[in-house]
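Structure, as structure tokens:
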Amino acid sequence: MKKLSIIIALVVAGLYQATAQQVPLYSHYYYNQFLYNPALAGSKGYGQFYLLQRNQWFSIPNSPVTQAFTIDGPLSNKNVGIGLGLYHDQAGQFNIIGGQAAYRYSIDLGSDNKLGFGFALGAVNNRIDYTNINPQDWTDPDLANQFQGTTGYDANIGVNLTAGDFNIGVSVPQIVGNQLAYSSLINSVNGKNVRYGLARHFITNLAYNWKFNSDWSLQPSALIRVVPNARLQYDINAMLNYNDKYWGGAMYRSGYSATLAAGARLAQQFVAGYAYDIAIHNVRKYTVGAHEFMIGYQWGRENNDLPEKVKKTQDELEKTKHKVDSLEDELKKHDKRIKDNKDGLDDDQDEIDEIKAKIKTFDDFMKEYKDGAKRPDGSTSGTGQVYTFNNVYFDTDKWDIKTEARGELDNLATILKENPNLKIEVAGYADQRGSVSHNQWLSNKRSNAVREYLIRNGVSPDQLVTVGNGVTVSAPGLDQNRRVEFKILSR
């Protein structure tokens, strides 16, 4: 019996170190998400309960068997949900029975985004059943107490974010990490009570609902389990779903199995599912895999499909309306731009016509004097005629000669030098901003700046008279009123 105690102690210690199945493995968590995360209790918006039976390595005697029962649903406030989970896990002489009650509260983040928080509190009982062993001596007094058991409390916390069709959650089963001592089972090596340690599990679930159309969708997901001092384990699966009534797909569980699964929802309320694990490690030499069955019942969604479709249709109509409104706004903006551009083109055309007229007037003047001051009818250009420069404009409150103005002034200087008897009046102007006295002074500065430029280019001072005319609005633009004109005084 001492050998048996040592073996049991080693097995329990091994379970504590490996912790591969302290929290039972399930293949139907993709459908019953409440199995691992209390933050998903009642999150579907209707009530549901499920029964699961998992037979692992079923061709091996006393192989692990797991049963689970869950029930969850929302309260009248849809942001609150409650649930209850019970499970029985048995492997040979080891039996674990556990149960937890869960509470979930969600925060609505808008735009189909929700953040849920969950907490579950319960108890776990771990028992060793001597009736499942074959001792050499049935008269051993230790066999009089056929069951060795220990019980402790357990807790689980979780958080889950739903963002549109994407879902991510984290839960921590066995977060307390209790050490459960067998009061009547002594380790003959160290003389202490054999203990069963509940190791914390960190479980992350990720899923995405990829909708092809209103009926078909593909739901890839992953589950990652992390336990201190144990190898990381992950599941990757993908389920093809038709109208949330029929589904089927495959899963890969790292270092353990490949799984095929299928299920159906019947008569709007009843659910049935089946998963078959194909072992991919060395155990496959001795077993063909594992079976897992799920049956369930859902209530509060008898008429849930129709409102959901109506809501989808309303959402689509609302989106379409927004698109139409946006297009109408864009059309109005385009119409306004077209109208503004047309008005601008008309204004530009008027300005172009005015400039062309000025260019023609000045070009006519230039041509007359370059051709000997003769008009086409043989007469000469008379005195008193006013000519406006096309490019001789000034910046605000400035009288500097710009580079673009020099070409016309150079041409005028050439004509004045070729016709020494030609005498002109250079008149400066200002725009309507500023006081009368300031504009008078500024216009004088501009006419004198043109006079000095012409003198520097060889024109006799006697040919030039300057005058400042202040403000005379003759053009729509302010810059066009900051101009210089000249008038022929004598020839």
- prompt: Using 30° and 60° as the class limits, which term best fits the ring planes of Tyr234 and Tyr252: parallel, tilted or perpendicular?
  reply: tilted

Distance-only donor-acceptor check, side chains His28 and Tyr50, under 3.5 Å: no

Would you tabulate the side-chain donor-acceptor contacts of residues 154-163 under 3.5 Å, counting partners in other chains and residues two or more places apart, or write 'none'?
| unit_1 | atom_1 | unit_2 | atom_2 | d |
| --- | --- | --- | --- | --- |
| Asp154 | OD2 | Gln100 | NE2 | 3.4 |
| Asn156 | OD1 | Val172 | N | 3.3 |
| Asn156 | ND2 | Tyr36 | O | 3.1 |
| Asn160 | OD1 | Asn167 | ND2 | 3.2 |
| Asn160 | ND2 | Thr162 | OG1 | 3.4 |
| Asn160 | ND2 | Asn167 | OD1 | 2.7 |
| Thr162 | OG1 | Asn167 | OD1 | 3.1 |

message: Does either side chain, that of Asn205 or that of Ser221, offer a donor lying less than 3.5 Å from an acceptor on the other one?
response: no

Salt bridge Asp277-Arg54, side-chain N to carboxylate O under 4.0 Å: yes

field: Asp72 and Lys44 ion-paired at < 4.0 Å
entry: no

- prompt: Has the side chain of Gln219 got a donor or acceptor atom that lies under 3.5 Å from a matching backbone atom of Met239?
  reply: no

task: Check whether NZ of the Lys or CZ of the Arg Lys78 lies under 6.0 Å from the centre of the six-membered ring of Tyr46 and within 45 degrees of that ring's axis.
output: no

task: Apply side-chain contact (heavy atoms from CB on, under 4.5 Å) to the pair Tyr297 and Phe270, showing each step before the final yes or no.
output: CA-CA 5 Å; Tyr297 180 79; Phe270 297 96; 3.5 Å; yes

field: Donor-acceptor pair, side chain of Gln298 and main chain of Gln48, under 3.5 angstrom
entry: no

- prompt: Looking at Asp329 and Lys333, does any basic side-chain N land under 4.0 Å from a carboxylate oxygen?
  reply: no

task: Could you list the residues that satisfy ring-ring contact (aromatic ring centres under 6.0 Å, His included) with Tyr208, not counting sequence neighbours?
output: none

task: Assess the side chains of Asn125 and Thr151: does a donor N or O sit below 3.5 Å from an acceptor N or O?
output: yes

